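Positions are given from 1, in the same order as the sequence printed here. These numbers come from a predicted model, not from an experiment.
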Amino acid sequence: MVSKQFTTLSMLLPIAMIIGTSLTIYAYQHSNELLAIMLYFFGFLVVIILIILAFRTSKKSR
């Protein structure tokens, strides 16, 4: 006899595969916009990290 958790997981697997495939197709179709958003996000993140590091080193040198 199969456990209840295994049965639930085996029923949810096709749903997860459909969601994953749909997200992949969407990301492929809109890759230019998503790439631009990711570049802006990571660029902004790097600038923030560099500003934080600059303030920390200036406080230590005082």
Side-chain angles (χ1 to χ4, degrees):
M1 190 164 200
V2 181
S3 68
K4 187 176 181 179
Q5 291 86 6
F6 186 77
T7 305
T8 305
L9 286 175
S10 64
M11 283 198 267
L12 290 176
L13 182 66
I15 297 170
M17 290 174 66
I18 290 170
I19 292 171
T21 304
S22 301
L23 288 173
T24 304
I25 291 170
Y26 177 82
Y28 181 75
Q29 288 175 344
H30 299 87
S31 60
N32 291 335
E33 294 90 1
L34 290 174
L35 181 64
I37 290 170
M38 284 172 46
L39 285 174
Y40 285 129
F41 175 74
F42 287 122
F44 182 73
L45 194 65
V46 167
V47 168
I48 294 296
I49 290 172
L50 289 176
I51 289 172
I52 290 172
L53 290 176
F55 278 126
R56 282 191 178 181
T57 55
S58 67
K59 285 183 182 177
K60 287 181 182 177
S61 62
R62 288 184 189 177

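Applying the side chain to side chain contact (heavy atoms under 4.5 Å, CB included) criterion to Leu50, with sequence neighbours excluded, gives Val46. Scanning for side chain to side chain contact (heavy atoms under 4.5 Å, CB included) contacts around Tyr28 gives an empty result, with sequence neighbours left out. In this structure Leu13 satisfies the side chain to side chain contact (heavy atoms under 4.5 Å, CB included) test together with Met17, sequence neighbours excluded. Residues satisfying the side chain to side chain contact (heavy atoms under 4.5 Å, CB included) test with Ile18, not counting sequence neighbours, are Ser22.
Here Tyr26 is tied to no hydrophobic group at all, with no ILVMFWY side chain closer than 4.5 Å.
Ile19 CD1 to Leu12 CG: the interatomic distance, rounded to the nearest 0.5 Å, is 9.0 Å. Distance check: Leu39 CG to Leu34 CG gives 11.0 Å after rounding to the nearest 0.5 Å. Taking OG1 of Thr7 as the reference point, atom NZ of Lys4 lies at 9.5 Å (rounded to 0.5 Å). Here the straight-line distance linking atom NE2 of His30 with atom CD1 of Ile37 works out to 10.5 Å at 0.5 Å rounding.
The ring pair (Phe, Tyr, Trp, His ring centres under 6.0 Å) pairs that include a residue from residues 35-60 number zero, where partners must be two or more places apart or lie in different chains.
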